[in-house]
Protein chains: 2
Amino acid sequence: MSSRVEHALQKLKATGIRMTPQRQAILTFLMESMTHPSADEIYRSLEPKFPNMSVATVYNNLKVFVEAGLVRELTYGDGASRFDADMSDHYHVTCEQCGTIVDFEHSPLSDIEREVEQHTGFVVKGHRMEFYGTCPDCMAKSSSVH
Amino acid sequence: MSSRVEHALQKLKATGIRMTPQRQAILTFLMESMTHPSADEIYRSLEPKFPNMSVATVYNNLKVFVEAGLVRELTYGDGASRFDADMSDHYHVTCEQCGTIVDFEHSPLSDIEREVEQHTGFVVKGHRMEFYGTCPDCMAKSSSVH
DNA sequence: TTGACTGCAAAGTGTTTGCACCTGT
DNA sequence: ACAGGTGCAAACACTTTGCAGTCAA
């Protein structure tokens with residue numbers, strides 16, 4: 001298990017949150033995954049290891065993680081929420097064809113946040129930016145259809 | 001009725017989409033509204049005028065408008081989608097306390113889109129940015145609680 | 001030991017769909 | 001006339017909740 005996961009587990013323990021095999025498996029899976037999985041994807045991925053685990057447990061734990069500040073919930077137009085255990089500042093690029101979500105590292109645009117504050121009178125705590133388009137794979141596929 | 005609404009109705013007609021009182025009312029309400037209402041809010045707002053209209057009709061028509069490029073669907077973490085008939089480039093500022101959504105005019109960040117393309121190989125069609133924080137009203141309320 | 005967690009099933013939301021009837025063009 | 005729209009209810013997908021039994025600390 002990576003030290004990142006261990007660090008997260010420590011953080012949970014410090015908050016008085018109990019450690020269970022399911023909880024640990026869900027968090028580990030999320031932290032080691034690059035694909036921003038949905039609750040159902042997590043559920044199905046862990047099924048071999050936890051055949052009796054219920055979806056409710058996945059949802060319950062995701063909520064615990066989000067509240068503990070370990071995980072971020074991403075909502076898109078389509079169906080289910082996706083979950084991201086990478087809490088560093090980064091944006092997402094989504095393929096409209098196949099649904100792939102890729103990270104894009106970029107320093108946060110704090111200057112534009114200040115602009116928003118000046119124009120709206122809000123106190124801005126953060127922002128979220130999503131790009132959408134077509135991924136290289138889908139581009140290749142559609143261009144090969146002559 | 002504003003000329004903006006009339007123009008939109010013309011656009012629909014040109015696409016071969018039939019005009020009905022319900023459809024017209026939903027579109028007019030959306031275009032004259034500043035609050036990015038949800039389907040249910042639209043439904044309830046039009047209830048006095050159309051007591052027999054069903055929610056399905058609201059959803060059906062919103063889908064028609066989105067497909068016709070007249071309306072944009074906004075999804076947030078919480079429950080329902082919200083709909084925005086302002087198709088100009090702008091971003092949204094959401095109050096985490098009361099849920100108010102305010103528009104923020106800003107020239108689109110096309111330079112960062114190009115950056116994304118270079119780093120990810122995607123063809124980027126657009127982006128969406130949401131700011132979140134506290135609105136002036138809620139700030140006043142919380143600071144008055146000594 | 002005991003409060004927190006799990007699994008299950010049932011309930012809740014928001015949205016879509018199937019179908020008979022109706023209406024705009 | 002008739003393709004397309006409406007209203008209604010049932011179906012859906014995702015998520016939450018209630019509860020009895022279980023387990024980590």
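Letters go in sequence order (proteins before strands), and every chain restarts at 1.
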Note to self: Can you confirm whether or not the ring centre of Phe104(B) sits under 6.0 Å from the ring centre of His119(A)?
What the structure shows: yes

Next item on the list: Please state whether the phosphate of dA3(D), meaning OP1 or OP2, lies under 4.0 angstrom from any side-chain nitrogen or oxygen of Arg18(B).
Entry: no

Check: Which comes earlier along DNA chain D counting from the 5' end, the contact point of Phe50(B) or that of Ala56(A), where each point is its nearest nucleotide?
Finding: Phe50(B)

Notebook entry, point to check: Side-chain N or O of Asn61(B) less than 4.0 angstrom from OP1 or OP2 on dT6(D)?
Noted result: yes

Notebook entry, point to check: When you check the phosphate oxygens OP1 and OP2 of dG7(D), does a side-chain N or O of Gln22(B) lie under 4.0 Å from one of them?
Noted result: yes

Next item on the list: Specify the separation, in whole Å, of atom CG of Asn52(A) and atom P of dC8(C).
Entry: 6 Å

Next item on the list: Measure from NZ on Lys13(A) to P on dA4(C) and round the result to the nearest Å.
Entry: 17 Å

Check: Please give, in whole Å, the distance from dG21(D) P to Met53(A) CE?
Finding: 23 Å

Item checked: dT16(D) phosphate, OP1 or OP2, under 4.0 Å from Tyr59(A) side-chain N/O -> no

Check: Within this structure, what is the CD-to-C1' distance between Glu41(A) and dA13(D), rounded to whole angstrom?
Finding: 14 Å

Notebook entry, point to check: Any link between Ile112(A) and Val116(B) through a network of hydrophobic side chains (Ile, Leu, Val, Met, Phe, Trp, Tyr) touching at under 4.5 Å?
Noted result: yes

Notebook entry, point to check: Between atom CZ in Arg82(A) and atom C1' in dT15(D), what is the gap in whole Å?
Noted result: 16 Å

Check: With respect to the side chain of Ala39(A), which nucleotide from dG7(C), dT15(D), dG5(D) is positioned closest?
Finding: dT15(D)

Notebook entry, point to check: SG of Cys95(B) to CE of Met139(B): how many Å apart, nearest 0.5 Å?
Noted result: 10.0 Å

Margin query: Taking the minimum atom-to-atom distance to the side chain of Ala80(A), which one of dC14(D), dG24(C), dT6(C) wins?
Written below: dC14(D)

Notebook entry, point to check: Quick one: is Thr20(A) getting a side-chain N or O under 4.0 Å of the dA4(C) phosphate, OP1 or OP2?
Noted result: no

Check: Would a line drawn from the ring center of His36(A) to the ring center of His92(A) be shorter than 6.0 Å?
Finding: yes

Note to self: Please give me the minimum heavy-atom distance between Ser81(A) and Thr75(A), naming the atom from each residue.
What the structure shows: OG-CG2, 3.6 Å

Margin query: Rounded to whole Å, how long is the line connecting atom CG of Asp40(A) with atom P of dC14(D)?
Written below: 7 Å

Margin query: What is the distance, to the nearest angstrom, from the CD atom on Gln24(A) to the P atom on dA24(D)?
Written below: 11 Å

Next item on the list: Starting from P on dT6(D), measure out to OH on Tyr43(B) and report it in whole angstrom.
Entry: 14 Å

Notebook entry, point to check: Is any side-chain nitrogen or oxygen of Ser81(A) closer than 4.0 Å to OP1 or OP2 of dT15(D)?
Noted result: yes

